[in-house]
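One structure is given below, encoded as structure tokens.
What you see is a predicted model; the values in this text were computed from it and never measured. Labels below follow one simple rule: chain letters A, B, ... track the order of the sequence lines, proteins then strands, and each chain is numbered from 1.
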There are 2 protein chains.
Amino acid sequence: MGIIERKQRQKEEVRTAILEAAWQLVLQDGWQALSIRKIADAIEYSVPVIYTHFESKDALLMEFTREGFRQLNADLEEARDTAATPAAQLEAMAHAYWSFAVRNPEYYQLMYGLGMPTCETVRQILELVQFSQLNRAVIQALIREGRNPEADVMLKFTTYWSMLHGFVSIHMTSATHATDEFKQMVFSDLVKGVIKNIRD
Amino acid sequence: MGIIERKQRQKEEVRTAILEAAWQLVLQDGWQALSIRKIADAIEYSVPVIYTHFESKDALLMEFTREGFRQLNADLEEARDTAATPAAQLEAMAHAYWSFAVRNPEYYQLMYGLGMPTCETVRQILELVQFSQLNRAVIQALIREGRNPEADVMLKFTTYWSMLHGFVSIHMTSATHATDEFKQMVFSDLVKGVIKNIRD
DNA sequence: TAGTGCTTACTAACACCGTTAGCAAATATA
DNA sequence: TATATTTGCTAACGGTGTTAGTAAGCACTA
């Protein structure tokens with residue numbers, strides 16, 4: 001036959017066209033300006049077509065959230081593999097995290113800022129679970145070689161993550177008029193502090 | 001005369017009615033469901049009346065943002081005055097910050113989550129400047145009695161704030177399925193770590 | 001090949017939203 | 001009492017997410 005295969009392929013093409021058009025619109029005018037109608041206009045299809053690929057606008061945005069975490073996870077793994085010791089790995093990963101946020105502010109905004117994901121939606125994001133595991137593995141290693149090998153991994157991970165996200169979101173909303181140099185200093189201060197905290 | 005005074009008073013009453021109605025709607029259905037039309041309906045006035053009190057919906061939301069920071073600042077000052085040493089003060093203030101976020105999730109969401117305030121809008125929030133000063137004063141005192149009296153106050157303040165906000169926002173989005181007890185442990189861990197970091 | 005289902009994608013509508021122009025009624029002043 | 005001014009209204013504009021109903025195209029069978 002091959003007919004249904006071709007249809008499947010064409011459907012997939014439309015789907016990726018939707019995602020690409022949406023991403024272009026977001027790069028141009030931000031998430032707030034993104035609308036189903038504009039996407040439909042960009043891909044030269046009618047509005048309801050989009051609803052055959054995504055249940056709702058929220059579902060479409062969720063797709064980008066997941067993609068954001070996928071890319072972040074990839075960056076983190078790459079950073080981890082550049083260093084040998086757990087402490088150096090975690091430091092590299094922290095910098096990769098920040099770098100990701102700076103290079104992809106649109107993704108980061110969506111991943112944390114908008115929508116305020118509920119407990120239900122969070123559970124559906126597999127990539128977030130992977131993110132958690134990825135970090136916890138390194139932190140676990142760091143704990144083992146530290147002064148307090150019985151420290152709670154989840155506790156230390158949450159501490160670490162809180163610091164990272166707090167730093168990023170405060171600097172992303174431009175609440176402080178800081179130079180890049182200053183931000184770098186604050187960030188190093190943070191990372192060193194948290195690594196010391198984990199090692200105890 | 002007294003006529004223009006009465007008018008002024010009546011106008012003020014409508015203004016507070018708008019804010020109160022808006023707040024009720026937010027408590028019921030969240031910020032996302034808030035609309036000018038619903039507010040107008042609740043106060044039994046027509047829609048354009050709201051625009052004689054607030055330039056736009058954003059301006060109305062900004063009013064709540066400022067009120068949120070006003071309340072937060074009051075809580076912080078109260079917490080500060082319960083303790084004697086800078087370290088104890090900062091610890092009390094950190095807990096007050098968290099407590100505020102937990103007790104007023106609607107305010108906290110608006111203050112940080114929505115709208116993604118730009119550099120321009122941030123400058124207009126006087127309360128945010130006060131917040132910064134309030135915290136920096138205590139941190140300055142803590143630095144002076146620490147091992148590194150020449151530490152940068154702004155740097156340490158940003159570290160401190162990043163940690164607080166990161167912790168709150170990560171736990172508010174329910175990204176972790178943590179018990180209150182666990183959250184309390186993480187938080188204490190964080191606060192102790194950051195105070196140690198400031199003292200050095 | 002003609003006819004029959006089924007899928008696809010469309011138009012058009014619904015119910016909202018923020019915002020504002022234009023007008024009528026109520027009020028204050030002369 | 002008559003004029004001027006303020007006040008608050010209706011109704012509209014251009015947008016949003018979402019969906020019901022319909023026409024056209026396609027693959028398949030007789």
Side-chain angles (χ1 to χ4, degrees), chain A residues 1-19 21-26 28-65 110 114-118 121, chain B residues 1-19 21-26 28-65 110 114-118 121:
Chain A
M1 285 285 182
I3 290 173
I4 55 165
E5 279 84 353
R6 193 211 62 209
K7 284 198 173 180
Q8 194 85 30
R9 214 166 46 234
Q10 286 179 340
K11 185 149 188 166
E12 195 63 34
E13 278 171 23
V14 173
R15 191 190 144 92
T16 57
I18 291 172
L19 291 171
W23 187 241
Q24 277 306 312
L25 288 168
V26 167
Q28 280 173 35
D29 307 312
W31 292 108
Q32 208 168 17
L34 182 66
S35 80
I36 299 285
R37 281 179 165 84
K38 286 182 191 165
I39 297 171
D41 206 55
I43 62 172
E44 295 178 308
Y45 273 90
S46 70
V47 168
V49 170
I50 293 171
Y51 286 89
T52 65
H53 296 273
F54 300 94
E55 199 183 356
S56 66
K57 190 184 180 183
D58 278 349
L60 201 161
L61 293 182
M62 176 71 89
E63 193 56 46
F64 281 102
T65 302
L110 187 66
L114 307 173
M116 285 282 157
T118 66
T121 64
Chain B
M1 285 283 180
I3 291 174
I4 54 167
E5 280 84 352
R6 192 210 63 208
K7 283 198 175 183
Q8 196 82 31
R9 213 166 47 233
Q10 285 179 340
K11 187 151 188 164
E12 195 62 35
E13 278 172 22
V14 173
R15 190 189 145 92
T16 57
I18 291 172
L19 291 171
W23 186 240
Q24 276 306 313
L25 288 168
V26 167
Q28 280 173 35
D29 307 313
W31 292 108
Q32 206 168 17
L34 182 67
S35 81
I36 300 285
R37 283 179 162 86
K38 285 181 192 168
I39 298 172
D41 206 54
I43 63 172
E44 296 178 306
Y45 273 91
S46 70
V47 168
V49 170
I50 293 172
Y51 287 88
T52 65
H53 293 89
F54 300 94
E55 200 182 355
S56 65
K57 190 185 180 183
D58 278 348
L60 201 161
L61 293 182
M62 176 72 87
E63 192 56 45
F64 281 103
T65 302
L110 187 66
L114 306 173
M116 285 282 155
T118 67
T121 64

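Going from atom CD1 of A/Ile50 over to atom P of C/dC10 covers 10 Å, rounded to whole Å. Rounded to whole angstrom, the span from the CD1 atom of B/Ile39 across to the C1' atom of D/dG8 amounts to 17 Å. In this entry the distance linking CG of A/Asp41 with P of C/dC10 reads 12 Å, nearest Å. Atom pair A/His53:NE2 and D/dT19:P shows a separation of 16 Å (rounding to whole Å applied). Between the P atom of D/dT16 and the CG atom of A/Leu25 lies a distance of 11 Å, rounded to the nearest Å. In this entry the distance linking CD1 of A/Ile36 with C1' of C/dC16 reads 16 Å, nearest Å. For the pair B/Asp58 CG and C/dC17 P, the interatomic distance rounds to 16 Å; values are reported in whole Å. The CD-P distance, from B/Glu44 to D/dT10, rounds to 13 Å in whole Å.
Ranking C/dC17, C/dT11, D/dG17 by closeness to the A/Tyr51 side chain, first place goes to D/dG17. Side-chain proximity of B/Pro48 to the nucleotides C/dT20, C/dC10, C/dT19 is greatest for C/dT20. When the nucleotides D/dT16, D/dA20, D/dG8 are ranked by their closest atom to the side chain of B/Val49, D/dG8 comes out on top. With distances taken from any side-chain atom of B/Lys57 to the nucleotides C/dA21, C/dT19, D/dG17, the minimum falls on C/dT19.
The aromatic rings of B/Phe64 and B/Trp23 sit parallel, their planes meeting at an angle under 30°, below the 60° perpendicular limit.
Mapped onto DNA chain D by nearest heavy atom, A/Leu34 and B/Lys11 fall at different nucleotides, with B/Lys11 at the one closer to the 5' end.
When atom types are taken as modelled, the side chain of A/Lys11 and the backbone of A/His53 share no donor-acceptor pair closer than 3.5 angstrom. Counting only distance, with no hydrogens or angles, the side chain of B/Lys38 and the backbone of B/Ala22 share no donor-acceptor pair below 3.5 Å.
The side-chain heavy atoms of A/Ile50 and A/Tyr45, taken from C-beta on, include no pair separated by under 4.5 Å. B/Leu34 places none of its side-chain heavy atoms less than 4.5 Å from the side chain of B/Asp29.
The minimum heavy-atom distance between B/Ile43 and B/Ala17, with the atom names listed, is CG2-O, 3.5 Å.
A 6.0 Å sphere centred on CD of B/Gln10 holds more than 12 heavy atoms belonging to other residues, nucleotides or ligands.
Within the helix from C/dT1-D/dA30 to C/dA30-D/dT1, the inter-axis angle between the opening and closing five-pair segments is 30°, rounded to 10°.
Within 4.0 Å of A/Thr52, counting heavy atoms only, lies no atom of the nucleic acid at all.
Between the base of C/dG18 and the side chain of B/Arg37 there is a donor-acceptor pair shorter than 3.5 Å.
Between A/Ser46 and the phosphate of C/dA9, there is no side-chain N or O to OP1/OP2 separation shorter than 4.0 Å.
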